[in-house]
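Got a structure here, written out as structure tokens. Questions coming.
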Amino acid sequence: MLSWMAWTIPTALLFAGIFSAMGIITYIEIKRPGTSERLGALGLKTTRGDRLFLSLLGSAYIFLFWLGIFGLPLWIPLLLALIWAFFCFWKV
């Protein structure tokens, strides 16, 4: 049934993590609506969802760049992606 995609444990964990983050963001927004909008580093107003999207997009680019230049292992880009996500939610 799901043979169209290579469902491995890491793939399932990635999707579970993304959907969990979206669920947490949604739950927080339902509990405290409208409290997340703030002025970012570039002068743009961003919400929690915007910051989550930017952190996921940036993390994908970090991993693609790392794989293209250095290859394996992926522990260093994981650390860089976590730093990027922290920066996005802190300053952007």
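Keep in mind that this is a model prediction, so the values were computed, not measured. Note that these values count all heavy atoms, side chains included, but never hydrogens, waters or copies made by symmetry.
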Inset, instruction - Report the residues that fulfil side chain to side chain contact (heavy atoms under 4.5 Å, CB included) with L80, sequence neighbours left out, ordered by chain and then residue number. - result: I62, I76

Legend entry - All side chain to side chain contact (heavy atoms under 4.5 Å, CB included) counterparts of T11, not counting sequence neighbours: M5, W7, T8, F15

Legend entry - Gap separating the OG atom of S55 from the CZ atom of F89, nearest 0.5 angstrom: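 One gets 4.5 Å once the value is rounded to the nearest 0.5 Å.
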
Inset, instruction - For S59, enumerate each residue passing the side chain to side chain donor-acceptor pair (under 3.5 Å) test, keeping only those at least two apart in sequence or located in another chain. - result: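 Side chain to side chain donor-acceptor pair (under 3.5 Å) check on S59 returns nothing, list empty.
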
Inset, instruction - Tell me, please, which residues at least two apart from L56 pass side chain to side chain contact (heavy atoms under 4.5 Å, CB included). - result: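 Scan of L56 (side chain to side chain contact (heavy atoms under 4.5 Å, CB included), adjacent residues dropped) gives I18, L52.
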
Inset, instruction - Can you run down the ring pair (Phe, Tyr, Trp, His ring centres under 6.0 Å) pairs that involve residues 25-75, sequence neighbours left out, and say none if there aren't any? - result: W66-F70

Legend entry - Residues that E29 engages under salt bridge (Lys or Arg N to Asp or Glu O under 4.0 Å), provided they are two or more places apart: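 Salt bridge (Lys or Arg N to Asp or Glu O under 4.0 Å) list for E29, sorted by chain: R48.
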
Legend entry - Set of side chain to side chain contact (heavy atoms under 4.5 Å, CB included) partners for I9, sequence neighbours left out: L13

Inset, instruction - Using atom types as modelled and distance alone, determine if a side-chain donor or acceptor of T46 lies under 3.5 Å from a backbone N or O of V92. - result: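 Side chain of T46 to backbone of V92: a pair is present.
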
Legend entry - L82 CG to F87 CZ distance, which is reported to the nearest 0.5 Å: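 Atom-to-atom, L82:CG and F87:CZ are 15.0 Å apart.
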
Inset, instruction - Would you list the pairs meeting salt bridge (Lys or Arg N to Asp or Glu O under 4.0 Å) in which at least one residue belongs to residues 37-46, sequence neighbours left out? - result: none

Legend entry - Remaining members of the apolar cluster that contains I28, side-chain heavy atoms under 4.5 Å: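 Taking Ile, Leu, Val, Met, Phe, Trp and Tyr as members, I28 shares its hydrophobic cluster with I24.
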
Inset, instruction - Can you sort out the partners of T47 under side chain to side chain donor-acceptor pair (under 3.5 Å), two or more places apart, ordered by chain and number? - result: D50

